[in-house]
Each structure stands twice: as structure tokens, then as C-alpha cells.
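Note that the structure is a prediction, hence the values are computed from the model and not measured. Chain letters run A, B, ... following the sequence lines, proteins first and then strands; every chain starts at 1.
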Amino acid sequence: MTETDLSAFVIDCQEREETVLSFIQSLINGISIGAVYAIIALGYTMVYGIAKMLNFAHGDVIMVGAYISFCVTQYLGLPPIVSVLAAMVVCTLLGILIEGLAYKPLRGVPSLAVLITAIGVSYFLQNAAQLIWGSAPKIYPSVVAIEPVQLFGGQIVITGQVIVTVVASVLIMVALTLFTGKTKIGKAMRAVSEDRDAAQLMGINVNRTISTTFAIGSALAAIAGVLLCSTVPTLMPTTGSMPGIRAFTAAVFGGIGSIPGAMLGGILLGVIETFSKAYLASEFSDAIVFLVLILVLLVKPAGLLGKQVQEKV
Amino acid sequence: MKKDNYPKHMVEVTTTNLMREQDKGKLPVLDVRNLGIDFGGLTAVDGFNMTIGPTEISGLIGPNGAGKTTIFNLLTSVYQPTRGSILVNGIDTKGMTTAKVNRLGVARTFQNIRLFTDMSALDNVKVGMHNSIKCGFLSSLLRLPPYFKAEKEANKRAMELLEFMGLADIADVKAGSLPYGVQRRLEIARALATNPSIILLDEPAAGMNPTETEELMHQIRRIRDTFQIAIFLIEHDMNLVMNVCEGIVVVNYGRIIAKGTPEQIKNNPAVIEAYLGKKETD
């Protein structure tokens, strides 16, 4: 082997190493944003599974949660953890309020009416936020104060946000699975989800069960809002809408109504999005995400982990 | 509510049959007065009157489309009546939700089985026990000792009910994958779990073979004798109805055409006509 051959080989190896490392870094970033989508998708999927409605205002509850947490840290000067709890409390109440005022009166009407109402609630929340906080973007300081982990001499960086987001999403998924599987309220929820009338005949208060679902979904939205803005630090009234739609896509991707499906869908969506930004074209990342969704739905109409529902004819 | 408070014009109360000795002088578990419902211009049920004693087994029969399931839906507040009133253990259920009526003591099964197919048989029964499990949200989420205690008690009672219906060995099987006859019995176990004072069975023997039906007849009597509750059933299997029921109500076109003991019903010309058509006279 000649001198030039050897040096070419070394350069080749270095390039390959860099490619592999940047691939891993993209994967980590993708999992991180995917975990945020997963938390949002979990809220979507729970509400869909139990109340049988698509709550398009879910993304905007996320935005409200982020604003509340922003205000608590910036204006009241309280520690980040308090701001997260405050956001959860406010969003829970907001979720119950939205459900009670906007959706409950529409129980039993065709689902299209509920869907339109949800879009209306979404715009209402965005405009209300614009009135309260203005339309100028705010810079959201991350609530996570964990030092980033550096691997391969700083070539791969795992930030504190990534660690917290991934851990939080896994914890939430496990907690939700236990909650719906093991607790009395969780069982009531599954009963309502399967057959509302039969559940009523078991003495289950369907309205209260649906309210509880919204409360839980909205509390999750608050956590998602804080983590989303810790990852992508601009906060404005429309912050929640696009992640909301992506998370909805993730829920459909994984099989709407399924808790592990929402998790899987969220992570996959985040990874696909990041990879298409890194290797294809960032302008097309959304188009690619939806293309993948279309392909998956063509093959598996119920989503990756969804149950095949046979429509009665 | 005291009996004297009833509006005088709807006092035509007739029991389905000679009341059981032990039910005499007791408040009927179900007291239906002049019940009626219209769907748009169509009168589906009209002038339905009946009482059921606390431990009575009664049957509701009639040709297809006579309004039997509509009556069950009225009794469980799935529909709100247009006319008349329903008293469960003396309490008027007007305007109540189905869940509330269930808590008053009315449980039911469905003509087309409606179990929670994704849950195990045991979980189905435990959903039925929803209102009797005393365990708060926090203690169940945080797995505090009260959770384990309540969970243990619920499990024990649910298993007892499954055993009672002969279903103990399928406790962990998904309800949706059980055979038809077993699903019917599980639905009864789930209804019993709500601690009812009356249980409405909508065609419990539908799809069962003669052996299963025979066994069901014993079980229906055993449910009444063990839990001391009333049973009101819709059934097309005349063998079951005539053997199990102490009183029978026959409806056609939403109206009662006959009431009485199985013997009286068998020989009632109006009933024979409703089922077989008018005899041609020459």
C-alpha cells in the first residue's frame, strides 16, 4: 500500500465515522422531539379513545400551558418545577371547562358538529392568548437545568432536555397504562370507551368519566407545552397548533386510541422529521412525514398498533 | 313517596299474577303506571301497567316488534317516557340518567350481548362493581394500602360471582373470545355485580342449545333464591318462559294484551291470536 493510498483510507475512515456520528446525533434529536409529540399524542389518543372525539384544541392547551409556566418563572420568579405544576393545574381546569362548556352540550349529535366546535375552541384559545400575551414571540428559557452529556469528545451531545423529555414520556406512558388498566376510574374509562350505554347500565357516570379524561389529557398537554418550549424556545399564540397536528398524525400513525401506539407514533414521527431535515430537505420535512403516514395507512388502515375495527354493514 | 300521593286517574294497578306469599305486603320493586312512549308520530308503547314483587320472576313476551325491548329501554331510562311513571323501590325515575337508575337497583343484559370485549371476564364483572368499590383516585394512583384492600375485596367478590355463574375457570379470558353461551352468562354475572334489586334479561336464551337453556333455567331460579331479587325477562323460548316465570305479560303493538300465570296465558285466545293469527270460522 502506498503512502497516498493509506492517507486516503484514513480520510475515508474519518468521513465514515463522522457520518455515523451525525446519524446518531440526528437520531437522538429525533427521539427527543418525538418524545414531545408522544406526550401530546397520548393526550389526543386518550380523549379520542374515551370521548370518541378529536379535540383539535388540544394543541392550543399546550400553548396555554407553556405561557402559564413562562409567566410563573419570568414574572413571579418562582422555580421551574412550580411553574410546571401551575401549568398543569391551570390546564386541567381549562380542559374541564372546555369540555363542560363546548363539548358536553353536544353529546349525541353527529361528530362533525363536535369537530367544528373543537376547531372553534382552538381559534378561540389562540386569539385569547394573543389578547393576553400579544402576538410577538417570547423567548422561553428552558426549565431543565441538567448538564448536557458529551460523548465521543463532544461530537455527540445529549442535552438535559433530551434526557428529561424521553424519561418523562416513558414515565407518562407507563403511568397511563397502569392507570387505565388497574384503577377503578381507568376501568370505567375503558368501559365508556367500549360501550357507553352498557357502561351507564353498570352505574358509571359517563359525563364525569369524560371530564376526568379531559382533565388528564390537559394536564399532559401542560407537561408537553413546557417540554416543547424547552426544546424549541420560541413561544407565541400559534406555538401549539403545528405540534398539535403532528401529534395527531402521530396518534393516527400508531393507531388512535392505543396508548403504546401514540408513544411509538410520536417517536417515529420525530425521527422521520429530523432525518428528512438532515438528509433530504428541511422544507419538505412535513410533506415527507405525511407521505409516510399515507403509506402506513394504505397498508395498515388502523395504524401501527391500532385494532382493526370491522364496520357493521 | 307515599302511595296516597299517586294521581288518582292512573291507579289501575294490577299485578301480573297471584303474588308470591313472601312478597305480600311489601313494596313492589318495580311499579309501572300507564307508561307510554311516542317516537315522532308513532306510538311504540302505550298504557303499560305492571308491578313486580321483590322476589318475583316475570316474563315479557310478544311477537317481534311488539315493543318489548323498548319497554326495557324505558325501565332503564335509556328512553324517557312520553307518558306515565316508573317507580323503582318506590322512587320515581323520571328524568334520571341510566347510571342513576342502575344505582337505584335496576340491572340488565342485552339482546345482542354488549360485554366489554377487550377486557377479561373478571374485569367485566369488576366494572359492574364500579359503585361499590370504595377507593379514592389518589390512593389507587399512588398504590396506597386502601387500594390493595379495596382491590382484594373487589377481586374476591367478582370471583364469587363468576363462580356462582359457573365461570370461575375463564376469569382471565378476554370476554370477546368466549363462546356465545358463556358470554350470555358473563353478562348476567356483570349485571349481578351492580347489586341490583331487579335484573332485566333481554332474551337470555337466544342462541343457546337446549342443554344450555335447561341450565339457564336453573340458574335464573338460583339467582332469585340466592340474592332474593326480582327477575324480569324477555324471551322467545316458550319452554323457558312457561317453566321459569311466575307471571307473564304479553304485549302486541306496544300494548298489553294479556297478563297472568303461565297456565292462563297458554289458554288465552288473544295471545294465541297474536302469535298464530285469527282462527278462521265458518
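Heavy-atom distances place the backbone of B:Leu115, and not its side chain, under 4.5 Å from chain A. Contact of B:Thr109 with chain A is not made at all, since no heavy-atom distance falls under 4.5 Å.
Between the side chain of A:Glu194 and the main chain of B:Asp118, a donor-acceptor pair closer than 3.5 Å is present. A:Lys184 places a side-chain N or O within 3.5 Å of a backbone atom of B:His130 that can act as its donor or acceptor partner.
Nearest heavy atoms, A:Ile204 versus B:Ala99: O-CB, 3.4 Å. Here the closest heavy-atom approach between residue B:Phe110 and residue A:Leu201 is recorded as CZ-CD1, 3.0 Å. Across all non-hydrogen atoms, the minimal contact from B:Asp123 to A:Arg190 is OD2-NH2, 3.5 Å.
Of the inter-residue distances, the one linking B:Arg103 atom CZ with A:Met202 atom CE reads 12.5 Å to the nearest 0.5 angstrom. Of the inter-residue distances, the one linking A:Asp195 atom CG with B:Ile113 atom CD1 reads 12.5 Å to the nearest 0.5 angstrom.
Contact annotation for residues 94-105 of chain A against chain B (heavy-atom separation below 4.5 Å): no residues qualify.
Within 6.0 Å of CZ on B:Arg222 lie more than 12 heavy atoms contributed by other residues, nucleotides or ligands. Within 6.0 Å of NZ in B:Lys94 there are 12 or fewer heavy atoms belonging to other residues, nucleotides or ligands.
Between chain A and the residues B:Arg108, B:Lys100, B:Arg114, B:Arg190, the largest count of heavy-atom pairs under 4.5 Å involves B:Arg114. Most heavy-atom pairs under 4.5 Å with chain A, from the set B:Asn102, B:Val101, B:Val78: that is B:Asn102. Highest contact tally toward chain A, considering only B:Thr194, B:Thr97, B:Thr76, B:Thr117, is held by B:Thr117 [criterion: heavy-atom pairs under 4.5 Å].
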